[in-house]
Amino acid sequence: MPLMKSWVESANNADRPFPLNNLPYGVFSVGDGDRRCGVAIGDQILDLRGLSEAGVISFHGMIPSEVANPFLASTWNGFMELGPGLWRWFRETLQKSLAAESTKADTIRPHLVPQGDATMHLPIEVREYTDFYAGKHHATNVGTMFRGPENALPPNWLHIPIGYNGRASSVVVSGTDIVRPNGQTKALDADMPSFGASKRLDIELEMGAIVGTASELGRPVTVAEADDMIFGYVLLNDWSARDIQAWEYQPLGPFQAKAFATSISPWIVTKAALEPFRTSTPQREKDLLPYLREPGPMLYDIDLQVTMAPKGRGATTITHTNYNQMYYSAAQQLAHHASSGCAMNTGDLLGSGTISGPEKDQRGSLLELTWGGKEPLTLSTGETRTFIEDGDKLTLHGAAKGDGYQIGFGECTGTIRPAPKFPV
Ligand code: MN
C-alpha cells in the first residue's frame with residue numbers, strides 16, 4: 001500500500017512519522033487545558049473531544065445508548081473496551097474524513113491543534129505492567145555476563161516467554177525526567193552490601209504492547225485471541241539499575257532495579273497501521289508447546305534506534321536494531337500470561353524484553369553495548385560512557401518503513417536527574 005494522501009498537507013511527506021496510513025492515538029493538553037484524546041496527522045493533532053462536543057463524531061447506533069462517548073474521557077481506556085469491531089469502524093471513518101478527497105475538511109479543520117503547541121500525556125491509564133525477556137540475543141548476552149556462556153540461556157528460555165510483574169505506578173510518558181534510583185548493592189569483594197545511588201544505570205530498548213480488551217479470570221486465551229486483544233504498540237524504555245539488579249535478582253527476578261521508571265512514547269500505533277509490516281518470529285530451536293504456537297506472523301518489522309546526548313551536547317546513535325529480532329511475539333506473551341487463568345485487563349502494558357540484534361552495534365542496552373562496563377562507548381562529542389551519567393538524555397526512535405511512507409512512533413525520551421539524598 002502506498003502513501004495515502006490527506007488534505008492535511010503536512011501528512012503527505014514520505015519522511016515524516018504520521019501520514020494518513022498511521023493515525024496513532026494519544027492524549028494531549030494545550031496550556032492549562034484538560035487532557036484530551038487526539039490523533040496525530042502530519043504535524044497536527046486532531047482533537048477528538050472537540051469533534052465529539054461539536055457533534056462531528058457520533059457513536060450513535062455504534063455503541064449502547066447507556067455508554068458515554070469515550071472521547072469525553074482523558075484516556076483511551078474507554079475506547080479500547082469497546083473492542084476490535086469499533087476500533088476498525090472508527091479508523092475507517094477517520095481515514096475517509098482525512099483523505100484528500102474528503103468533503104469534510106472545512107468541518108474538521110477547526111479541530112486541528114499544532115503538535116508544537118501541545119503537551120503529551122500517558123495515552124492510557126496503565127492498569128498493570130508486565131515485562132518480558134523475549135530477545136534471544138539479549139538473554140544470551142546478559143546470561144553470559146551474569147552466569148557464564150555455558151549457562152547463558154536458562155533451561156526454560158526456549159519454552160516459555162519469561163516475564164515478571166512490574167509496577168504500573170512507575171510508567172511515565174516520554175519527556176518525563178528520570179530520577180536515578182537509590183538501592184542496595186554489593187561489590188563482589190565486599191563483605192556487606194551498601195545503600196546509595198545506582199552507579200550502573202541503563203536503558204532497555206523495548207516495544208510495549210497495549211492490551212485493548214480484557215480476558216476473564218480462569219479462562220485462558222489462544223495466541224490468535226491474544227492477537228485480537230492487542231490494541232497497539234508504543235516504544236518502551238525499561239530503565240534498569242544493573243548494580244541493584246545483580247544483587248537482588250535471585251531467585252525472584254528484578255524488583256527495585258526496575259521499579260523506579262519505565263518510559264513509553266506518547267502515541268499508540270495501532271495494530272491496524274502495522275498490518276503491512278507483519279513478520280514471523282524466527283525459526284524455533286525447540287518446538288513450542290501447542291498453546292504457544294502462532295497461527296500466522298505476529299511480529300513486526302520496525303526499525304529501532306537509540307540516541308544518547310550528554311547534557312547540552314549533541315546526540316550520538318548508540319544502537320540500531322529491529323523488533324523482528326524477538327523470539328516471542330506480544331501475542332504469544334499475552335497467551336502465556338493468561339494460560340494459568342490470570343485475568344488480563346484493558347490498559348495492561350506488556351514490555352517485549354530488550355531488543356538486541358546479533359551484531360555488537362545492534363544491542364539494546366548499555367550493559368551489552370559496553371559488555372558490563374568493560375568496553376566504554378565513545379560518543380560523537382568525544383566523551384566516553386559505560387553507563388548513564390546525570391544529565392544524559394536517552395531517546396528511543398522507531399518506525400516501520402513502507403514504500404514511500406513510514407509508520408512512525410515518535411520519540412521515547414528521558415533525561416537523568418541525580419538520585420535523592422537518602423535518608424531524606
Ligand atoms: Mn526489560
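Every number for a ligand or one of its atoms is a count from 1 in the order of the listing.
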Colleague: Which heavy atom of N141 sits nearest a heavy atom of R363, and at what distance?
Modeller: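 For N141 and R363, the tightest heavy-atom pair comes out as ND2-NE, 3.7 Å.
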Colleague: Between the Mn ion (ligand 1) and D131, which N, O or S atom of the residue is the nearest one?
Modeller: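 This turns out to be OD2.
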Colleague: For N/O/S atoms only: which one belongs to E206 and is nearest the Mn ion (ligand 1)?
Modeller: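 Considering only N, O and S atoms, E206 comes nearest to the Mn ion (ligand 1) through OE2.
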Colleague: Taking only residues two or more places apart in sequence, or in another chain, which ones meet E368 in a salt bridge (charged side-chain N to carboxylate O under 4.0 Å, His left out)?
Modeller: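 Counting only residues at least two positions away or on another chain, E368 forms no salt bridge (charged side-chain N to carboxylate O under 4.0 Å, His left out).
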Colleague: Measuring from the Mn ion (ligand 1), name the closest N, O or S atom belonging to D238.
Modeller: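 The atom in question is OD2.
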Colleague: For residues Y328 and W157, establish whether the separation of their ring centroids is below 6.0 Å.
Modeller: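 Ring centroids of Y328 and W157 are less than 6.0 Å from each other.
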Colleague: Side-chain donor-acceptor pairs under 3.5 Å in residues 17-25, sequence neighbours left out?
Modeller:
residue : atom : partner : partner atom : Å
N21     : OD1  : M4      : N            : 2.9
N21     : ND2  : P2      : O            : 3.0
N22     : ND2  : P17     : O            : 2.9
N22     : ND2  : G408    : O            : 2.9

Colleague: Of all N, O or S atoms in E204, which has the smallest distance to the Mn ion (ligand 1)?
Modeller: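 Closest N, O or S atom of E204 to the Mn ion (ligand 1): OE1.
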